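Comments concern the structure below.
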Amino acid sequence: MNKILLILQREYLTRVRKKSFWITTLLTPILITAIYAIPALLFFAGSDQKTVEIIDESGLFQQRFKNGKDYQFAFKKTPLTKAKTDLKSSKVAALVFIPRDIIDHPNGLQIFSEKNVSLSLENDIESIVQNEVRNQRLKRAGIDTQVIEDNRVNVNAETYSLEEGEEKSSHAGVAMGLGYVVSILLYFIVFISGSQVMNGVIEEKSNRIVEVIVSSVRPSELMLGKILGVGLVGLTQFLLWIVLTVSISSVTSTLLKSKLEAKAKTELSSKASQQQVEAAVKQMSEAGPGSKVMGLMDSMGTLPWVKILSLFLFYYLGGYLFYSSLFAAVGSAVESPQEGQQLIFPVTIPLIISMMLMNFVVNEPDSKVAFWASIIPFTSPINMMARVPFGVEWWELGLSMVLLVVGFVFTTWLASRIYRVGILMYGKKVTLKELSKWVFYKA
């Protein structure tokens with residue numbers, strides 16, 4: 001046991017002391033925070049207001065184009081040819097021409113600009129003209145457009161899950177998104193960590209360092225210490241990601257909220273009350289680019305995070321131990337990474353199948369396929385985590401966890417049988433048939 005701990009300590013400290021470990025650990029939370037912080041900061045920074053000139057021959061759109069923070073609209077009565085000639089010198093963002101017969105010929109709308117017009121501006125102009133053309137056609141047909149607008153409603157259902165007789169708010173979109181994220185994260189962590197174990201074994205074998213090491217420890221102890229050491233590095237990095245991401249996100253959210261309040265106070269009068277400021281902040285947050293993110297964050301707050309994180313740690317460790325032992329066995333059987341890539345394909349097939357099944361599992365989490373995919377040890381680490389956000393029966397979780405423990409105990413034993421022979425085998429091209437023979441060699 002002491003020898004295993006010494007090998008574990010060596011593997012752990014060697015990797016944790018590398019600059020690449022700390023660079024990745026520190027950059028990942030910053031990048032995660034930047035995904036939502038940068039759009040919000042750009043919203044506060046704003047942009048220079050640009051002018052869009054409109055020639056409206058129909059006379060129907062004077063009140064339809066409203067100035068915003070990005071664009072202001074100016075109506076002109078000059079001929080189109082002259083307006084196009086003056087376009088370069090006038091420094092306007094775009095020139096919009098609405099013909100007299102726009103109601104009968106809606107495709108007659110034209111937009112001119114010195115360079116390509118932005119897609120958002122083009123869509124906004126088309127939407128305004130389209131709505132007004134529709135309204136005018138409805139009026140011509142004797143249909144009251146106000147009645148239609150009054151009866152235009154959006155239905156947003158509040159969804160609830162009844163777990164253990166308790167009513168809890170739920171959100172299928174959030175559960176599906178979280179299922180995708182944790183499953184993909186598990187896939188990459190297991191695959192990358194397993195590859196690190198394999199490459200470490202190959203490096204020690206090619207440098208003949210392993211011959212010195214196995215003179216003091218048993219091959220099975222060496223393999224187990226290496227697997228546990230690399231796994232502990234991944235676990236350390238994951239826990240640091242959680243702590244740093246939560247800390248950085250909390251500080252960033254506080255700063256963004258203060259900026260939002262300052263912007264609201266600037267736009268309101270100095271005599272505005274605190275209630276008016278709070279109302280303005282709420283309105284701006286709902287209109288800003290982070291409104292959907294805030295809605296998702298509220299929905300994610302209803303999820304059982306303690307349960308999800310606990311199960312994630314278990315399935316990370318279980319999946320890692322299950323596959324890394326097989327990666328170590330492959331590393332012991334080859335002498336170069338190139339040979340390892342050829343021999344590792346059978347090991348990666350279950351991981352690939354897991355990813356293929358994951359797309360079906362998040363869409364049908366209670367189906368028989370999802371059940372068996374989350375129970376069989378080869379696919380359960382990824383697919384059970386895809387089901388957890390939707391809610392899984394405790395007996396299913398228990399069965400899956402027991403089988404995964406049995407599975408990684410078996411694969412570790414199997415890999416150790418191959419490892420003890422392959423670690424000292426040189427100059428021989430290994431096949432799967434040869435590996436199967438190593439399992440039954442006597443010590």
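Please read all numbers here as calculations on a predicted model, not as lab measurements. Nothing fancy with the numbering, it's 1 onward along the sequence.
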I need the minimum non-hydrogen distance between Ser332 and Val201, along with the two atoms involved. N-CG1, 3.6 Å
How close do Val52 and Ala93 get, heavy atom to heavy atom, and via which atoms? CG2-CB, 4.4 Å
Without swapping roles, check the side chain of Ser367 against the backbone of Ala370 for a donor-acceptor pair under 3.5 Å. yes
So, taking the atom named CG in Leu317 and the one named CG in Leu313, what distance separates them when rounded to the nearest 0.5 Å? 6.5 Å
Would a distance-only check, ignoring hydrogens and angles, find a side-chain to backbone donor-acceptor pair under 3.5 Å from Tyr315 to Asn383? no
For Phe378, give me all partners under ring pair (Phe, Tyr, Trp, His ring centres under 6.0 Å), at least two apart in sequence or on another chain. Phe322
In short, Leu404 meets Pro377 closest at the heavy-atom pair CD1-O, 4.0 Å
Can you list every pair that meets salt bridge (charged side-chain N to carboxylate O under 4.0 Å, His left out) and has a residue in residues 13-31, with sequence neighbours left out? Glu11-Arg15
Quick one: pull up CD1 in Ile7 and CG in Leu224 and give me the separation to the nearest 0.5 Å. 8.5 Å
Can you pull out every ring-ring contact (aromatic ring centres under 6.0 Å, His included) where at least one residue sits in residues 346-374? Sequence neighbours excluded, please. Phe371-Trp395
Taking C-beta and beyond as the side chain, do Ile125 and Leu121 meet within less than 4.5 Å on heavy atoms? yes
Are Asn135 and Glu132 close enough that some pair of their side-chain heavy atoms sits under 4.5 Å apart? yes
Can you check whether Leu109 reaches Val96 side chain to side chain, under 4.5 Å on heavy atoms? yes
Report yes if the side chains of Arg137 and Pro106 come closer than 4.5 Å at any heavy-atom pair, otherwise no. yes
Nearest heavy-atom contact between Ser324 and Val197 is O-CG1, 3.9 Å
Could you walk me through whether Phe65 and Ile128 pass side-chain contact (heavy atoms from CB on, under 4.5 Å), step by step? CA-CA 7 Å; Phe65 287 89; Ile128 292 170; 3.7 Å; yes
Provide the full list of salt bridge (charged side-chain N to carboxylate O under 4.0 Å, His left out) pairs with a residue in residues 393-408, sequence neighbours left out, each pair given once. Arg387-Glu396
With side-chain contact (heavy atoms from CB on, under 4.5 Å) as the test, would you mind laying out the steps for Phe312 and Val388 before giving the verdict? CA-CA 9 Å; Phe312 183 89; Val388 166; over 6 Å; no
Quick one: do Phe327 and Ile227 satisfy side-chain contact (heavy atoms from CB on, under 4.5 Å)? Show the steps, please. CA-CA 10 Å; Phe327 277 90; Ile227 289 172; over 6 Å; no
For the pair Ser310 (side chain) and Val306 (backbone), establish whether a donor and an acceptor sit closer than 3.5 Å, ignoring hydrogens and angles. yes
Heavy-atom donor-acceptor pair, Thr28 side chain to Thr25 backbone, under 3.5 Å: no
Val16 versus Trp22, closest heavy-atom pair with distance: O-NE1, 2.8 Å
Short question: side chain of Tyr316, backbone of Gly231 - any donor-acceptor pair under 3.5 Å? yes
Of all heavy-atom pairs between Val362 and Ala386, which one has the smallest distance, and what is that distance? CG1-CB, 3.8 Å
Rounded distance (nearest 0.5 Å) linking atom CZ of Phe238 with atom CG of Leu185: 6.5 Å
Report yes or no: does Ser400 contribute a side-chain atom to a donor-acceptor pair with the main-chain N or O of Leu397 at less than 3.5 Å? no
Flag the pair Leu228 / Leu321 as yes when at least one side-chain heavy-atom distance between them is below 4.5 Å, and no otherwise. yes
Out of curiosity, Met355 CE to Ile382 CD1, how far, rounded to the nearest 0.5 Å? 6.0 Å
What distance do Met198 atom CE and Tyr323 atom OH have between them, rounded to the nearest 0.5 Å? 15.5 Å
Taking the side chain as everything from C-beta on, heavy atoms only, tell me whether Met384 gets closer than 4.5 Å to Val392. yes
Check: Phe408 main-chain N/O paired with Thr411 side-chain donor or acceptor under 3.5 Å: yes
With sequence neighbours left out, the residues meeting ring pair (Phe, Tyr, Trp, His ring centres under 6.0 Å) with Phe191 are none
Sorted by first residue and then second, give each side chain to side chain donor-acceptor pair (under 3.5 Å) pair with at least one member in residues 180-190; sequence neighbours left out. Tyr180-Asn359
Check against side-chain contact (heavy atoms from CB on, under 4.5 Å), Met223 and Thr412: CA-CA 9 Å; Met223 187 192 77; Thr412 302; 4.0 Å; yes
Should Thr236 and Tyr12 count as side-chain neighbours, where that means a heavy-atom distance under 4.5 Å? yes
Let me confirm one number: the CD1-CE distance from Ile352 to Met356, rounded to the nearest 0.5 Å. 8.5 Å
